[in-house]
Amino acid sequence: MIIGVDFETYYSQTYSLTAKDLSMTEYIRSPEFLVHGVSIKADSWSTTKWYEANEVQSALDQFDWEQDTFLAHNAAFDGLIASHHYGVIPKAYICTMAMARPVVGHIVGVGLDNISKYFGGEGKVEGSLLNVKGKRVLTKAEMAALGFYSCRDVDEMWMIYGKLRSWLSDQEMRLIDLTVRMYADPMLCVDQKLAKQALAEEKVSRETKLLRAQELLGDEAPKILGSSPKFGKALKELGIEPPLKTSPRTGKDIFAFARSDLEFQELRDSENEDVAALVEARLAVKSTLGITRAARLISHSGSLPLPVALNYAKAHTFRWTGGDKMNLQNFPRGGRLRKSLQAPPGYVLVVADSSQIEARKLLWLAEQWDSLDEFRTGDPYCILAEEVYGRPIDKIRDPEERFVGKVGILGLGFGMAAPRYQYTLAAGIMGPPVKVDLQTAQRVVETYRRKNKKVVVLWRLFNRILSIMLSGQSYQMKDGLLRFEKNKVWFRDGLILHYPEMQYDEAGFSYQINPRGGRTKIYGAKFVENVVQFLARNVVAEQMIEIAKRYRIVMMTHDEVVFLAPKSKAEESLAFGLEKFREAPSWCSDLPLDAEGAFGKRYMK
């Protein structure tokens, strides 16, 4: 049985889901949290019922949650309320907000009101929530109005579910369930002591850098560091000409003070200790990510398991994104924060990580079989580097040259030119910074393209496919696995990669994926990257479902899945995870896959 649920909770000006500094987890687990009531409609019921606060527990207890499915519009939110406050752990979760994202999110967003009206529904009742804002105790009239509002939401949610269900395969519904469960029924733990040490270190590091800046700049240091013009002036006073770059928005020169700007990175490594200190201080002032990330990790967990918030299919290519104001997908490798994530007692965390999935999928799509075979029989990074340098390259003896090959294999398949490749190496985007001259970078690019002629042909083909799509015609690849039509790309199971409002002008092809945003430029190689990332996502998604048949998934990061296993079965579970990650789905059975992994008490990989 499917049970539709919608909680109505207390909120105020400063305590709400829209408050700037309050996450969803902090809201739900706050001492201020209060449930006014809940609306429920089971699939066998003819009407939706409203239960006030004192009736909520008994209303939820009437169902057999070990057999029943929990349906909500934001199932992570309602699901954590149900588990944390009422002990409800269902057999499965359904989230209509997640369902809507890949189907109509590009048209109307994922708000219940907009989706309902898009499908011809009545939408939400207006004004009812404003009448209860800041009120912990409601009058009978206010409670009745809130109940009517909530029941309407559940009715519209059921209508939306009916409209969307046929668009999503059982596999995608299972992925939504797994995603919601990571948050609503959390199992991942946090070593509070280690997380607090990380927070203290971040604060001390930032304070030390600011104190050094104050020695150089005086009491006005915070204002100078926070202002690009003033900081540029401070550099000039130290005899340094501030680096500039062209603004992509205005086309005018602006200061190149971003962490990723190469010239700014060079200033950070300057032999002039005062210059290096000011650059470090500037970066510390402009980004408090380390501090806020550590503080939020501590507040989200306490003595309880950590709800892992991921947004199903939020990226254009259906990949998951981080949520709840803390992106676990981007925790730095080797840092204390990453190590503070740990398994509950009696378990280990097992990590399975797909190796070069996008590079392999690109060669598979292009049918560049000789290069794909290199992943089966050798080291593609060394092979490319050997052709560039004209001598044997050894993984241990020649790490820098091999890394040049690695960045080539992983980065050059989507049209990257020599200057960008040179920058990618120097900026350390894919690993340790490596400097090569432009001539060497050009040689790597030319070697890659010569070795992988079919990849270059694929870029040109996809540019022609954009014209075909724009004209309203269709095109198929891989025996119908991919079908290109006007404004969209169909995958075999009904998933659609959207390119709404595609057009062509003097600037080239573009589309508008966000109804409230600007246009996104698209061209052959970029289009190839989109499709490859989309296909790679689907490979990992199927592998995650296979692992979930035996083990509990607690988080995932793009090409990596983290799951729990009993300590006594650590080796066995790792072998199982790697086996599944090395098995290609039936729709690309000729794709050679590989994986690496590890297990341990902490999230270390």
Side-chain angles (χ1 to χ4, degrees), residues 317 353-395 398-418 420-422 424-425 429-431 434 436 440-465 477-479 481-482 523-540 559 581-585 587-596:
T317 55
D353 185 7
S354 189
S355 301
Q356 312 107 355
I357 180 65
E358 289 187 18
R360 294 166 185 259
K361 182 55 74 174
L362 167 66
L363 297 174
W364 175 85
L365 186 63
E367 299 185 356
Q368 188 75 56
W369 305 122
D370 54 346
S371 293
L372 195 56
D373 281 340
E374 292 175 359
F375 284 97
R376 290 189 178 97
T377 60
D379 185 333
Y381 305 158
C382 285
I383 293 172
L384 178 61
E386 286 172 356
E387 294 198 30
V388 171
Y389 293 103
R391 63 177 175 84
I393 299 296
D394 181 78
K395 180 177 181 179
D398 307 299
E400 187 169 295
E401 290 83 351
R402 181 180 182 273
F403 186 72
V404 168
K406 175 180 179 178
V407 176
I409 293 294
L410 300 182
L412 295 178
F414 304 117
M416 184 187 292
R420 181 67 186 179
Y421 172 72
Q422 182 190 35
T424 301
L425 281 170
I429 293 173
M430 294 186 183
V434 172
V436 299
T440 300
Q442 184 64 44
R443 190 164 71 249
V444 178
V445 171
E446 290 174 355
T447 302
Y448 178 89
R449 295 183 181 184
R450 185 175 64 251
K451 273 178 58 65
N452 299 287
K453 291 184 176 66
K454 291 187 176 180
V455 171
V456 178
V457 170
L458 189 67
W459 302 340
R460 296 168 183 158
L461 172 62
F462 269 59
N463 217 54
R464 291 200 298 273
I465 291 174
M477 288 186 70
K478 291 287 185 179
D479 298 321
L481 176 73
L482 295 169
Y523 50 91
K526 182 67 175 178
F527 192 17
V528 169
E529 184 177 23
N530 283 182
V531 172
V532 166
Q533 193 175 96
F534 174 60
L535 293 174
R537 174 268 186 198
N538 293 339
V539 170
V540 175
D559 305 331
F581 261 53
R582 288 165 178 157
E583 290 179 359
W587 50 271
C588 57
S589 58
D590 51 349
L591 172 67
L593 294 176
D594 199 4
E596 56 184 12

Euclidean distance, [Y] [atom2] relative to [X] [atom1], rounded to 0.5 Å:
X: Glu374; Y: Leu384; atom1: CD; atom2: CG; result: 8.5 Å
X: Glu367; Y: Met477; atom1: CD; atom2: CE; result: 7.0 Å
X: Leu425; Y: Phe403; atom1: CG; atom2: CZ; result: 6.5 Å
X: Arg360; Y: Leu372; atom1: CZ; atom2: CG; result: 7.5 Å
X: Gln368; Y: Asp373; atom1: CD; atom2: CG; result: 10.5 Å
X: Leu363; Y: Glu358; atom1: CG; atom2: CD; result: 12.0 Å

Note to self: Is it the case that over 12 heavy atoms from other parts of the model lie below 6.0 angstrom from the NZ atom of Lys395?
What the structure shows: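 No, NZ of Lys395 has 12 or fewer neighbouring heavy atoms, counting only those of other groups under 6.0 Å.
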>> Does atom CG (Asp479) have a neighbourhood of more than 12 heavy atoms from anything else shown, all under 6.0 Å?
In response: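 Counting other residues, nucleotides and ligands, CG of Asp479 stays at 12 neighbours or fewer.
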### Query
Please, which pairs that meet side chain to side chain donor-acceptor pair (under 3.5 Å) have at least one residue in residues 452-465, sequence neighbours excluded?
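Counting only pairs at least two positions apart or across chains, the side chain to side chain donor-acceptor pair (under 3.5 Å) contacts touching residues 452-465 are Ser371-Asn452.
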Residue pairs involving residues 402-412 (criterion side chain to side chain donor-acceptor pair (under 3.5 Å); sequence neighbours excluded):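 For residues 402-412: Asp379-Arg402.
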Discussion item. Go through it in stages, so that I can follow the logic: the residues are Val539 and Cys588, the test is side chain to side chain contact (heavy atoms under 4.5 Å, CB included), and I'd like the CA-CA distance, side-chain angles, deciding distance and then a yes or no.
Written reply: CA-CA 9 Å; Val539 170; Cys588 57; 4.2 Å; yes
Distance-minimising heavy-atom pair for [X] and [Y]:
X: Glu401; Y: Ala385; result: O-CB, 3.4 Å
X: Ala595; Y: Ser355; result: CA-OG, 3.5 Å
X: Ala359; Y: Ile409; result: CB-O, 4.0 Å
X: Thr424; Y: Met416; result: OG1-CE, 3.8 Å
X: Tyr421; Y: Val444; result: OH-CG1, 3.4 Å
X: Gln422; Y: Val436; result: NE2-O, 2.9 Å

Check this for me, if you would: do Lys526 and Glu529 make a salt bridge, where the nitrogen-to-carboxylate-oxygen distance has to be below 4.0 angstrom?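 Answer for the salt bridge query: yes.
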Could you tell me which residues satisfy side chain to side chain donor-acceptor pair (under 3.5 Å) with [X], sequence neighbours excluded, listed by chain and number?
X: Trp369; result: none
X: Thr447; result: none
X: Thr317; result: Gln533

Pairwise side-chain contact, [X] with [Y], heavy-atom cut-off 4.5 Å (strictly under):
X: Asp398; Y: Arg391; answer: yes
X: Leu458; Y: Leu362; answer: yes
X: Phe462; Y: Leu365; answer: yes
X: Phe375; Y: Leu591; answer: no
X: Leu535; Y: Trp587; answer: yes
X: Val388; Y: Tyr448; answer: no
X: Arg449; Y: Val445; answer: yes
X: Lys361; Y: Arg537; answer: no

Trp364 vs Val532, side chain to side chain contact (heavy atoms under 4.5 Å, CB included): CA-CA, chis, key distance, verdict: CA-CA 9 Å; Trp364 175 85; Val532 166; over 6 Å; no
*Answer yes or no: is there a donor N or O on one side and an acceptor on the other, between the side chain of Glu386 and the main chain of Ile393, under 3.5 Å?*
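Yes, Glu386 side chain to Ile393 backbone: donor-acceptor pair under 3.5 Å.
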| Got a sec, which residues hit ring pair (Phe, Tyr, Trp, His ring centres under 6.0 Å) with Phe534, two or more places apart in sequence or on another chain? |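 Listed in chain order: Phe318, Phe491.
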| request: In sequence, state the C-alpha distance, the side-chain angles, and the governing distance for Phe581 and Val540, and then conclude on side chain to side chain contact (heavy atoms under 4.5 Å, CB included). | output: CA-CA 8 Å; Phe581 261 53; Val540 175; 4.3 Å; yes
